[in-house]
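Nothing fancy with the numbering, it's 1 onward along the sequence.
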Amino acid sequence: MKKKIAVLFLVFSTVFISCDQDFNTIGADLVGDEHFDFDTHEVGLKAYSIRTNEVQTNNLPINPIGIYKNPFFGETKANFVTQLSLASPQPKFGTSVQVEKVTLYVPYFSSVKTVNSDGSKEYALDSIFGTDNESKIKLSVYENGYFLNSFDSNTDFQTNQRYHTDGSSNNGAIDFDNLKRGNDGSGNSVQNGTRLNDSPNLAENDQFFFNKEEIVIYKTKFNTTTLVQEYVDANDVVLADQNNVSLRIVKERLSPGIYLTLNKEFFKKKILDASASSLFNNNNFRQYFKGLFFKTEQVVGEEGAMAMLNFNNAKLNLFYSSVDVGAIAGTAATSKTLVMTLGTNVGGNSVSLQDYSYSGAYDTGLTASATNPTFGSDSNLFLKGGKGSVVYMDVFGDADVLGKDGLPYTNPSTGLPGNGVPDELDVLRLKGWLINDAYLEFYIDQTAMGGANQVEAERLYLFDATNQRALIDYSFDTSNNSNPKRNKLSFGGIIKRDAITKKGIKYKIRITQHINNLINSSNVNVNKNVKLGLCITESITLTSNFYYKTPVSFPFGPNIPYFPVSSIMSQEGVVLHGTNPASPADADKKLKLTIHYTKPN
């Protein structure tokens, strides 16, 4: 196994060296050469937790919905606002139009466990958070009452509009909940009307839960007299016993997801009775029908649960029957479907609304980090996705009284000591070391997190926070996995768990080439000692950034206006040991950067 790791490292190093001739990390020629020694060095660093406060959440690739009570971090209630798009604008509905049914389907992340002989499947759900994944919540769907802009009117529509976790935009606060619209009882849209998912099946509203069962759609025929769907046999003959499930014909099987029936009268008046100009294109349509508002509420006696969803895979289907325009007299009505998509499809917009209540321990920990008189020497570091917290690190510390020759130095321009480079880095640059490996290890503080039900974040992402981009080690790691959440294995950041208890132990992130650049490269474009950032990640392949509502400020250095969107998407968290563990027994778990190097004798 050790030989395999060595070979992989040498291959990785060779590829990198071909792109930068300023340094050389190959150690193959050193094997058996007594003029070189192999050793390890631990680098000093400062690390501190920063509260994100409200963050940008419009048009996220993945959005939370539900209620999640994290044993350490607190409670999040996640609502969602989305525009709709017509799959085919300018629809022609015909005459004698009747709505058969309206359904909304949002698939969960899931995998097939078993395929049964009758074709049915058993599933396992992914990205569901909570002590009991099937705990009930109240789910209500309304018409959105506020138009979501793509561009900011304050800048003459020259910049993108930003919406945040609290519902605010660049232009001020928005009360999405109070502006929501619903049914007035006769199908008309009114502000604060009744919800649209008003099915008598309580699993679709007041007793909603994230059901892992597949969704079975049976073959039916619309009765134009009674205006209800009736189950039919393979020959379209209405079943005499409508309650006998064994006689029904399976028309379609869907993977688990939110599957709701919506109010037919509302959608007939809102969509089928709309003017042609309102449905002419999606720009007109979204101005006319501003989308949907998903609201979640606590059910008495239930803790609740939360799911991460890709609403771009969702569909709202309006099934109706009508006679085609121009058909001869006496032509029977036929069934048709108007399809509407959610999320960012066809230029649509969405916003994740997150109402977060910090726990006492978490709030106290973040406050202590911000007020620590020995800045960057915290005993604990706190990471949480969404409206949570990130960690920033200054590698090599901030002592600076030496020059590049390792001797005391005074800047002639400022009269101040130091050359703008940490002293430890100045010294290491003089040693001529060949860097074989360099990595950060973040140990989980299980005592601080506490609780048998505590779930640690699965993966962390380390990035260049000065330039707000991926590190070179991330970029050069092209490893893939059948599970995309486990891509970039060499770069790392995946939790290591105890084989027996399954509790998390640590995260390891490799930054060999980044450190090699800092110490050995003469290229000023790559050897700058940047601030590092650490966050939770929902998707390791996503490195783009979203904005803090208020830029993060530090006791020194420029403010940071944004951070990785992959952290905003996540709702996981973890407590780590910092650079100064509270207990002497945890001294070996302190945050450290370890360098394995080769030096000439």
On a heavy-atom basis, which atom in Ala457 and which in Ile536 lie closest, and how many Å separate them?
CB-CD1, 3.4 Å

Donor-acceptor contact present, side-chain Gln191 to main-chain Asn178, <3.5 Å:
yes

For residues Thr57 and Ser352, is any side-chain donor paired with an opposing acceptor at under 3.5 Å?
no

Checking Asp152 side chain against Thr159 main chain: does a donor-acceptor pair fall under 3.5 Å?
no

If you take all heavy atoms of Ala234 and Ile249, which pair is closest and at what distance?
N-CG1, 3.6 Å

Between Ser570 (side chain only) and Ser567 (backbone N and O only), is there a donor and an acceptor less than 3.5 Å apart?
no

What closest approach, in Å, do Ile128 and Ala307 show between heavy atoms, and which atom pair accounts for it?
CD1-CB, 3.4 Å

With sequence neighbours excluded, what pairs up with Asp118 under the salt bridge (charged side-chain N to carboxylate O under 4.0 Å, His left out) test?
none

We want to know whether Lys121 and Asn116 form a side-chain donor-acceptor pair, criterion being a heavy-atom distance below 3.5 angstrom.
no

Residues Lys136, Asp206: salt bridge by 4.0 Å N-O rule:
no

State which residues pass side chain to side chain donor-acceptor pair (under 3.5 Å) with Asn133; sequence neighbours excluded, sorted by chain then number.
none

Give me the ring orientation class for Phe563 and Tyr548: parallel if the planes are under 30° apart, tilted from 30 to 60°, perpendicular past 60°.
parallel

For Glu75, is there an ion pair with Lys69 - N to carboxylate O distance below 4.0 angstrom?
yes

Give a yes or no answer on whether the side chain of Gln98 reaches the backbone of Leu227 with a donor-acceptor pair at less than 3.5 Å.
no

Salt bridge (Lys or Arg N to Asp or Glu O under 4.0 Å) assessment of Glu143 paired with Lys290:
CA-CA 7 Å; Glu143 178 188 359; Lys290 297 176 178 60; over 6 Å; no

With Tyr108, which residues qualify under ring pair (Phe, Tyr, Trp, His ring centres under 6.0 Å), at least two apart?
Phe210

Could you check whether Lys101 makes a cation-pi contact with Phe222, meaning its NZ or CZ is under 6.0 Å from the centre of the six-membered ring and within 45° of the ring axis?
no

For Thr541, the side chain to side chain donor-acceptor pair (under 3.5 Å) test, sequence neighbours excluded, returns Ser539

For Tyr461 together with Tyr474, are the ring centres under 6.0 Å from each other?
yes

Using a strict 4.0 Å threshold on nitrogen-to-oxygen distance, state whether Arg469 and Asp464 make a salt bridge.
yes

Measure across Ile67 and Glu303 and return the closest heavy-atom pair with its distance rounded to 0.1 Å.
CG2-O, 4.0 Å

Got a second to check how far Gln83's CD is from Asn349's CG, nearest 0.5 Å?
4.5 Å

Looking only at non-hydrogen atoms, find the nearest pair between Phe129 and Met308 and report the distance.
CE1-CG, 3.5 Å

Could you give the distance from NZ (Lys212) to CG (Asp126), rounded to the nearest 0.5 Å?
14.0 Å

Is the closest basic N to carboxylate O distance between Glu100 and Lys264 below 4.0 Å?
no

Hey, is the main chain of Asn481 close enough, under 3.5 Å, to the side chain of Asn487 for a donor-acceptor pair?
yes

If you look at every heavy atom in Gln207 and Val299, which pair is closest and at what distance?
NE2-CG1, 3.9 Å

Would you say that more than 12 heavy atoms from the other residues, nucleotides or ligands in this model lie under 6.0 Å from the CZ of Arg253, or not?
yes

Would you mind listing every salt bridge (Lys or Arg N to Asp or Glu O under 4.0 Å) that reaches into residues 313-337, with sequence neighbours excluded?
Asp324-Lys336

Side chain Asn197, main chain Leu139, donor-acceptor under 3.5 Å:
yes

My understanding is that only residues two or more places apart in sequence, or in another chain, count here; which of them pass salt bridge (charged side-chain N to carboxylate O under 4.0 Å, His left out) with Asp132?
none

Under 3.5 Å: donor-acceptor pair, side chain of Asn284, backbone of Ser277
yes

